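Fair warning: this is a prediction, and the values are worked out from it, not measured in the lab. Any value given below was found using the heavy atoms of this structure, including those in side chains, with hydrogens, waters and symmetry copies removed.
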Amino acid sequence: GVAGVYTITPSRDMVVDVKMWGAGGTGSANDPVRGGGGGYSSGRVVFDNNTTYIVVVGESGKVRTSVTSDPTTIGGGRAGNSLSVGQSFSGGGLSGLFVNTYTHSHSIIVAGGGAGGSSAYYSGAGGGSTGQSGNPSNPYGYGTGGTQSSGGTSTSYPRSSGSALLGGRGRFNGGGGGYFGGAGAVGNGSTGGGSGFIHQTVISGSTIAGNMSTPAMQSDTYRSGSG
């Protein structure tokens with residue numbers, strides 16, 4: 001679907017099978033490794049009559065080319081707060097379903113976004129109960145993925161931790177959005193993906209992480225390029 005934040009208010013009770021993919025992070029065309037792929041979350045949700053639901057369709061990672069720009073994606077993927085060789089790269093946004101308000105405590109289903117990156121070392125994919133961490137072999141350090149209780153943290157840039165629904169803003173590259181966002185990193189460090197989430201009221205719920213630049217459930221016919 002088209003990235004954005006949408007409101008739904010059913011006129012009757014209904015049961016809906018929901019599938020969501022977080023957006024992928026972006027990366028430099030000059031580097032062999034791109035941003036992380038988006039995660040996948042699904043389940044059967046009971047929608048109540050006359051209750052407001054918020055649907056967030058995550059936005060793919062962006063390239064930051066100016067210190068005055070702030071390309072936080074729809075769904076909370078974030079870029080760095082400085083520029084590396086004139087650019088920095090943001091994580092992808094989460095996709096999610098929320099009840100009444102688009103806030104962390106009102107989450108029903110969340111699919112984590114992939115991390116931004118610009119190096120020869122992979123950045124983490126989003127999704128799963130814990131988003132994928134960046135490559136720990138990266139000499140610039142790496143950010144970990146978001147979890148079910150906290151944002152990811154960075155080994156090289158402590159101020160770049162992820163938070164509720166937001167990826168961490170690294171020195172150059174940022175983490176993916178998620179239930180809790182992944183961490184950014186310094187320089188060309190590898191960043192972390194955002195976590196997925198399934199509320200206990202969701203029937204047969206599942207959240208699955210991608211792997212490096214590959215989205216989760218890539219072959220699903222409903223994906224249509226998402227992640």
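A distance of 5.5 Å separates NE2 in His106 from CG in Asn100, rounded to the nearest 0.5 Å. Between the OH atom in Tyr102 and the CD1 atom in Ile54 there is a gap of 10.5 Å [rounded to 0.5 Å]. Atom OG1 of residue Thr9 and atom OH of residue Tyr53 lie 9.5 Å apart, to the nearest 0.5 angstrom. Between the CD atom of Gln148 and the OG atom of Ser129 there is a distance of 5.5 Å, given to the nearest 0.5 Å. Taken to the nearest 0.5 Å, the CG atom of Leu97 stands 11.0 Å off from the OG atom of Ser95. Taken to the nearest 0.5 Å, the OH atom of Tyr122 stands 4.5 Å off from the CG atom of Asn135.
Partners of Ser190 by side-chain hydrogen bond (donor to acceptor under 3.5 Å, both in side chains), not counting sequence neighbours, listed by chain and number: Asn138. Thr207 pairs by the side-chain hydrogen bond (donor to acceptor under 3.5 Å, both in side chains) definition with Ser41, not counting sequence neighbours. Among residues two or more places apart in sequence or in another chain, the side-chain contact (heavy atoms from CB on, under 4.5 Å) test is passed with Ala125 by Gln132. Under the side-chain hydrogen bond (donor to acceptor under 3.5 Å, both in side chains) criterion, Ser11 pairs with no residue, sequence neighbours left out. A search for side-chain contact (heavy atoms from CB on, under 4.5 Å) contacts involving Thr147 returns Thr130, Ser149, Ser150, not counting sequence neighbours. Listed by chain and residue number, Tyr142 satisfy the side-chain contact (heavy atoms from CB on, under 4.5 Å) test with Thr155 (two or more places apart in sequence, or in another chain). Every residue two or more places apart in sequence or in another chain that forms a side-chain contact (heavy atoms from CB on, under 4.5 Å) with Ser163 is listed here: Leu166. For the ring-ring contact (aromatic ring centres under 6.0 Å, His included) test, no residue two or more places apart in sequence or in another chain qualifies with Tyr140.
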- Task: Take Leu94 and Val56, measure what side-chain contact (heavy atoms from CB on, under 4.5 Å) needs, and give me the verdict at the end.
- Result: CA-CA 7 Å; Leu94 65 85; Val56 179; 4.1 Å; yes
- Message: Show, in sequence, the C-alpha distance, side-chain angles and deciding distance for Ile8 and Val55, and conclude whether the side-chain contact (heavy atoms from CB on, under 4.5 Å) test is met.
- Response: CA-CA 8 Å; Ile8 299 172; Val55 178; 3.6 Å; yes
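Counting heavy atoms from C-beta on, the side chains of Val45 and Val15 never come closer than 4.5 Å. Residues Pro215 and Tyr40 fail the side-chain proximity criterion, which asks for heavy atoms closer than 4.5 Å. Annotation: side chain of Val57 is not in contact with side chain of Val2 (no heavy-atom distance under 4.5 Å). Between Ser90 and Lys62 there is a side-chain heavy-atom pair separated by less than 4.5 Å. Residues Ile109 and Ser107 are not in side-chain contact: their nearest non-hydrogen atoms beyond the backbone lie 4.5 Å or more apart.
Pairs passing the salt bridge (Lys or Arg N to Asp or Glu O under 4.0 Å) check and including a residue from residues 184-213, sequence neighbours excluded, do not occur. Screening residues 187-216 for ring pair (Phe, Tyr, Trp, His ring centres under 6.0 Å) gives Tyr179-Phe197 as the qualifying pairs, with residues at least two apart or on separate chains. Sequence neighbours left out, the pairs with a member in residues 36-50 that pass salt bridge (Lys or Arg N to Asp or Glu O under 4.0 Å) are Asp17-Arg44.
In this structure, Ala115 and Gly192 approach most closely via the heavy-atom pair CB-O, 3.3 Å. Considering all non-hydrogen atoms of both residues, Ser161 and Ala183 come closest at CA-CB, 4.3 Å. Residues Gly143 and Ala185 come closest through the heavy atom pair N-CB, 4.4 Å. Across all non-hydrogen atoms, the minimal contact from Gly58 to Ala3 is O-CB, 3.8 Å. In terms of heavy-atom proximity, Ala209 sits nearest to Gly127 at CB-O, 3.3 Å.
Side-chain N or O atoms of Asn173 include none that pairs as donor or acceptor with a backbone N or O of Gly116 at under 3.5 Å. Ser123 places a side-chain N or O within 3.5 Å of a backbone atom of Thr191 that can act as its donor or acceptor partner. One N or O on the side chain of Ser195 and one on the backbone of Phe180 form a donor-acceptor pair closer than 3.5 Å. The backbone N or O of Arg169 lies less than 3.5 Å from no partner atom in the side chain of Ser160, so there is not a single donor-acceptor pair. Between the side chain of Thr144 and the main chain of Thr153, a donor-acceptor pair closer than 3.5 Å is present.
Hydrophobic clustering, with ILVMFWY side chains joined whenever heavy atoms are under 4.5 angstrom apart, keeps Ile108 apart from Val46. There is a path of hydrophobic side-chain contacts, each under 4.5 Å, that joins Ile198 to Val99. In the hydrophobic clustering of this structure, Phe47 does not group with Ile203; members are Ile, Leu, Val, Met, Phe, Trp, Tyr whose side-chain heavy atoms approach within less than 4.5 Å, directly or through other members.
Ring centroid separation for the pair His104 and Phe98 does not come in under the 6.0 Å cut-off.
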